[in-house]
Amino acid sequence: LRPHVLKALEDKRRNNDIGSSLEAKVILETASVKDLDYLKGFEKILASVFIVSQVQLQQTKEIAQGLSEDFSKIQIKIEKADGQKCPRCWNYKVDVGINSDHPTLCAHCVAVVKESINAA
């Protein structure tokens with residue numbers, strides 16, 4: 001699946017819809033409950049696998065054209081990622097700025113910074 005996502009990202013970059021892949025949100029739409037269940041098992045790591053800020057899984061009734069024989073019931077959409085860019089991890093997150101002690105960081109980076117401060 002990764003090569004298909006990378007091609008879709010490159011197409012968006014070529015059209016100047018996104019710059020870096022971290023500016024992107026990948027939406028995987030599938031008409032297969034089996035595929036959806038399988039992908040949900042990897043949902044927490046898919047953004048890292050695709051090197052994007054966000055991945056969203058959606059079930060749909062039908063797919064106009066699948067990606068390939070192996071992924072005949074999946075299609076990929078690429079949109080701009082939601083939220084703001086965290087200057088520490090460079091990911092776009094909707095939780096950037098929710099911590100008043102670290103107003104420019106996302107919640108994950110706030111936790112990492114606090115842990116490193118406490119360890120010091």
Side-chain angles (χ1 to χ4, degrees):
L1 190 56
R2 188 171 187 267
H4 295 285
V5 171
L6 295 178
K7 182 185 179 318
L9 288 167
E10 186 56 37
D11 291 345
K12 286 292 188 176
R13 244 192 312 276
R14 205 173 299 121
N15 290 337
N16 293 320
D17 295 329
I18 60 169
S20 159
S21 63
L22 289 175
E23 292 179 20
K25 172 172 58 174
V26 173
I27 302 168
L28 299 174
E29 291 185 333
T30 180
S32 165
V33 173
K34 181 180 174 185
D35 289 348
L36 183 65
D37 289 343
Y38 178 77
L39 290 169
K40 281 187 176 185
F42 298 99
E43 192 167 15
K44 290 184 180 181
I45 65 165
L46 287 176
S48 296
V49 169
F50 300 142
I51 313 172
V52 296
S53 287
Q54 298 151 8
V55 174
Q56 185 176 353
L57 304 175
Q58 294 181 346
Q59 186 168 7
T60 187
K61 289 187 179 194
E62 63 182 56
I63 298 296
Q65 181 177 359
L67 300 173
S68 67
E69 186 176 314
D70 294 328
F71 303 107
S72 62
K73 295 186 178 187
I74 296 178
Q75 66 185 15
I76 299 168
K77 291 183 179 179
I78 306 292
E79 295 180 357
K80 283 214 174 238
D82 300 323
Q84 297 177 324
K85 183 178 180 180
C86 173
R88 183 179 175 278
C89 68
W90 291 22
N91 282 284
Y92 285 74
K93 305 269 185 100
V94 295
D95 59 7
V96 169
I98 63 168
N99 186 292
S100 59
D101 292 336
H102 303 282
T104 62
L105 300 182
C106 69
H108 172 77
C109 288
V110 167
V112 171
V113 167
K114 284 184 176 184
E115 183 177 313
S116 66
I117 290 171
N118 291 338

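Heavy-atom basis, side chains included; hydrogens, waters and symmetry copies ignored.
Taking both residues in full, the closest heavy atoms of C109 and C89 are given as SG-CB, 3.6 Å, listed atom of the first, atom of the second, then distance. The minimum heavy-atom distance linking L22 with A81 is given by the pair O-CB, 4.4 Å. Between L6 and F50, the closest heavy-atom pair is CD2-O, 4.3 Å. Pairing each heavy atom of I63 with each of E29, the nearest pair is CD1-O, 3.7 Å. Taking both residues in full, the closest heavy atoms of S68 and H4 are given as OG-NE2, 3.8 Å, listed atom of the first, atom of the second, then distance. Scanning both residues, V52 and N91, for their nearest heavy atoms gives O-OD1, 3.6 Å.
In the hydrophobic cluster analysis, where Ile, Leu, Val, Met, Phe, Trp and Tyr join through side-chain heavy atoms closer than 4.5 angstrom, V94 is grouped apart from W90. Taking hydrophobic clusters as Ile, Leu, Val, Met, Phe, Trp and Tyr residues chained together by side-chain heavy-atom distances below 4.5 Å, V26 shares a cluster with L46. L9 and V49 fall within the same hydrophobic cluster, where Ile, Leu, Val, Met, Phe, Trp and Tyr residues are linked whenever their side-chain heavy atoms come under 4.5 Å apart, directly or through other members. Under the 4.5 Å side-chain heavy-atom criterion for ILVMFWY residues, a single connected hydrophobic cluster contains both V55 and F71.
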V33 and Q59: CA distance, side-chain angles, deciding distance, side-chain contact (heavy atoms from CB on, under 4.5 Å) verdict = CA-CA 7 Å; V33 173; Q59 186 168 7; 3.0 Å; yes

ask   = What's the verdict on salt bridge (charged side-chain N to carboxylate O under 4.0 Å, His left out) for K40 and E43, showing C-alpha distance, side-chain angles and the deciding distance?
value = CA-CA 5 Å; K40 281 187 176 185; E43 192 167 15; 6.0 Å; no

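Checking side-chain atoms of Q54 against main-chain N and O of D82 turns up a donor-acceptor pair under 3.5 Å. The backbone N or O of L36 lies less than 3.5 Å from no partner atom in the side chain of T30, so there is not a single donor-acceptor pair.
Put simply, the side chain of L39 reaches to within 4.5 Å of the side chain of I74, judged on heavy atoms. Proximity of R2 to I51: side-chain heavy atoms (C-beta onward) are separated by under 4.5 Å at one or more points. A heavy-atom distance below 4.5 Å is not found between the side chains of H102 and R88. At a threshold of 4.5 Å between non-hydrogen side-chain atoms, the residues D11 and R14 count as touching. Under the 4.5 Å side-chain criterion, counting only non-hydrogen atoms from C-beta, S21 is not in contact with K12. Put simply, the side chain of L105 does not reach to within 4.5 Å of the side chain of N99, judged on heavy atoms.
A side chain to side chain contact (heavy atoms under 4.5 Å, CB included) with L67 holds for exactly one of V5, I76, L28; it is I76.
Note: I18 CD1 to E79 CD = 11.5 Å, rounded to the nearest 0.5 Å. A distance of 11.0 Å separates NZ in K25 from OG in S53, rounded to the nearest 0.5 Å. For the atom pair SG of C106 and CG of D95, the computed distance is 5.5 Å after rounding to the nearest 0.5 Å. Between atom CG of residue D35 and atom CG of residue L1 there is a gap of 9.0 Å, rounded to the nearest 0.5 Å.
Around NZ of K73, the count of heavy atoms belonging to other residues, nucleotides or ligands within 6.0 Å does not exceed 12. Few gaps surround NZ on K80; more than 12 heavy atoms of other groups in view lie less than 6.0 Å from it.
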